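Every number for a ligand or one of its atoms is a count from 1 in the order of the listing. Values below: every heavy atom of this structure, side chains too, minus hydrogens, waters and symmetry copies. Remember, predicted model here, so these are calculated numbers, not experimental data.
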Amino acid sequence: MNVTENLDADPVPELLRYCQERQVYINPKICPKRVEGRGLGVYATGRLIKGERLIHVPTATLFTTRRVPNSFANAHARKSIPVHALLAAYFAFGDDEQHRSLAPWMATWPKLSDFTASMPMTWNPLSRTGVGNLSSQKLDSEAPPSESSGFSPIPPPLIGSYLSFNDSTMDGCGSTTLVSAQLSKFRAHVSSLKPILDSEVYHQLQDPYSPSRYRFIHAWLCVNTRCFSYTTPGTKRPSDPNEAMALCPGMDLFNHAATPSVKTKYDRSGYFTVADRAHEVGEEILFNYGHHVNDVLWTEYGFLLDELSYDAIRIDKLVLAGLDEKQRGLLEHHGYLNDYWLTKDGVCWRTEVVGWLSVLSQNQWESMLEGNYDPEADETIGKHQVSEKKILKRKRQGLVAAHRLICASWIARVEKDARVSLKGLSTMSMAEVLQILGDSDSAIRNQRSHDVHDLSDAEVQEIKTKEARERHAMCVKRWTQLLELGTRAREATETVK
Ligand SMILES: C[S@@+](CC[C@H](N)C(=O)[O-])C[C@H]1O[C@@H](n2cnc3c(N)ncnc32)[C@H](O)[C@@H]1O
């Protein structure tokens with residue numbers, strides 16, 4: 001992917017020329033612009049009205065696997081290689097001559113260093129484990145020992161059990177968590193490429209720190225963060241949505257917001273976007289990549305939204321930790337096992353159901369699920385049964401309070417973990433930040449071997465330090481959000497009383 005020769009040049013004019021030559025319509029009142037912390041984005045340069053067409057990418061300009069030449073992957077190989085893997089392999093290892101025509105478009109893509117700074121799947125594996133004794137030496141002496149025994153740089157929903165890092169039940173990189181699922185997919189994609197890659201290149205891809213592996217990671221993440229859902233009109237939609245994918249030059253410059261300002265569609269003529277509301281001059285025009293919570297945005301796209309209104313965290317293992325086999329079996333039987341979420345408004349209904357399981361009898365709990373019993377509502381009791389009514393009321397209040405305490409304990413755990421981790425992160429020395437969040441010197445040289453040769457030792461140290469600091473800042477940002485989420489959830493739950 002030798003398209004980044006002149007890294008500092010503004011790639012936008014060349015991209016616009018590239019799009020124009022390929023009949024991409026771009027509304028003259030919009031233009032891509034680079035903004036710190038967001039890369040390129042698309043902004044209104046004139047007032048836009050609702051319904052105005054902003055961009056149209058003709059079908060012939062979309063980049064699908066049909067554009068990958070047979071000389072790179074024959075029909076037989078294509079059948080077994082996932083679309084994502086094939087596109088990435090072509091961008092990474094395809095013929096440079098063929099790539100030359102794509103260069104103005106590819107020059108607008110992020111650099112590998114943009115990904116390695118922000119995407120946990122590329123980070124030192126140490127960052128995905130809890131930091132134990134290391135931090136206990138650094139934390140304030142006033143902190144109680146149980147609070148200072150360790151912390152997790154990357155929050156648990158991304159990397160493993162929700163349970164705290166120092167719990168014996170922590171499952172490290174469990175298979176169902178976001179980063180480990182992404183790494184499994186990546187490894188499967190690498191394996192799928194054996195039939196089409198030169199054996200030497202394929203061999204190099206097995207080495208996590210080889211230049212070829214980094215070249216492929218770069219292309220793979222470009223595809224991951226820039227692809228659109230697409231099925232050729234008139235053909236059957238594949239059962240796996242990941243197989244219905246196209247890249248849309250020009251349209252891949254829009255950034256994401258939880259509440260987008262455009263609508264995007266495709267038909268036989270291609271992919272197009274219209275304004276879903278008016279935009280003033282200078283306003284950023286925003287897509288929605290899907291209803292993703294921040295942990296998914298971080299894992300898949302390398303950024304975090306500031307606004308927590310649409311955020312939530314998955315707390316399955318935290319919620320299930322205190323339950324025995326029988327209780328888990330009951331949850332499974334009734335369709336309530338897993339998928340527990342915490343938002344700024346408190347725990348979700350599924351999580352509350354688990355809380356009731358520990359408080360009610362099995363009969364009461366099952367009646368509640370059937371809608372025949374509401375543990376929080378008044379019982380209907382005859383006029384003359386006053387004392388019985390009082391007893392029941394007290395009992396009911398006890399149950400409700402016990403249930404609140406259970407739900408509150410899960411929220412408190414998130415708050416506590418966030419406090420401990422933020423404290424741990426804030427007291428790491430630079431040497432520790434480099435050890436846990438930094439890459440090795442050789443990894444840094446190999447990451448850049450396609451763009452820059454002969455980095456001096458000082459340059460390597462500078463890059464390593466900058467990158468480790470950026471990673472550290474992302475961890476701090478996410479843990480700060482989790483602390484706020486936990487605090488707001490607790491406050492919301494307390495006011496319901
Ligand atoms: C489809 S690209 C959008 C264009 C991209 N900004 C660029 O420079 O090429 C998706 C990437 O844009 C960035 N991005 C999108 N929305 C963002 C946002 N709201 N805040 C920060 N970065 C964002 C992330 O790096 C993401 O992986």
message: Does any N or O of ligand 1 fall below 3.5 Å from an N or O anywhere on Asp252, backbone included?
response: no
field: Shortest protein heavy-atom distance from atom 20 (N) of ligand 1, along with the residue and atom involved
entry: Phe303 CD1, 3.5 Å
- request: Tell me, please: is Tyr289 in heavy-atom contact with ligand 1, that is, under 4.0 Å?
  value: yes
- prompt: For ligand 1, is there an N or O atom under 3.5 Å from any N or O atom of Leu40?
  reply: yes
statement: For atom 16 (N) of ligand 1, the closest protein heavy atom turns out to be His256 N, 2.8 Å
query: Where on Tyr301 is there a heavy atom closer than 4.0 Å to ligand 1, on the side chain, on the backbone, on both, or on neither?
result: both
- prompt: Side chains of Ile411 and Leu342: closer than 4.5 Å at any heavy-atom pair?
  reply: yes
task: Please indicate whether any nitrogen or oxygen in Thr225 is less than 3.5 Å from any nitrogen or oxygen in ligand 1.
output: no
- request: Specify side chain, backbone, both or neither for Leu286, according to which of its non-hydrogen atoms lie closer than 4.0 Å to ligand 1.
  value: neither
statement: re atom 13 (C) of ligand 1, the protein heavy-atom contact at minimum distance is Asn255 OD1, 3.6 Å
- prompt: Looking at the rings of Tyr90 and His99, which for Trp means the six-membered one, are their centres under 6.0 Å apart?
  reply: yes
- prompt: Quick one: which ligand 1 atoms are inside 4.0 Å of a heavy atom on Arg226?
  reply: 2 (S), 7 (C), 9 (O)
task: Could you tell me whether the side chain of Asp252 and the main chain of Arg226 form a donor-acceptor pair under 3.5 Å?
output: no
statement: Leu305 heavy atoms within 4.0 Å reach ligand 1 at atoms 19 (N)
task: Decide, yes or no, whether a salt bridge links Asp207 with Arg213 under the criterion of side-chain N to carboxylate O below 4.0 Å.
output: no
- request: Decide if the gap between the ring center of Phe272 and the ring center of Tyr25 is smaller than 6.0 angstrom.
  value: no
query: Is there a heavy atom in Gly37 that sits closer than 4.0 Å to ligand 1?
result: yes
message: When you compare the side chain of Phe228 with that of Met251, does any pair of heavy atoms fall below 4.5 Å?
response: yes
field: Donor-acceptor side-chain pairing of Gln481 and Arg478 below 3.5 angstrom
entry: yes
task: Determine whether Trp109 and Asp114 make a side-chain contact, defined as any pair of heavy atoms from C-beta on separated by less than 4.5 Å.
output: no
query: For Glu243, does the CD atom sit with more than 12 other heavy atoms under 6.0 Å from it, leaving out its own atoms?
result: yes
- prompt: Looking only at N/O atoms, are Arg34 and ligand 1 under 3.5 Å apart anywhere?
  reply: no
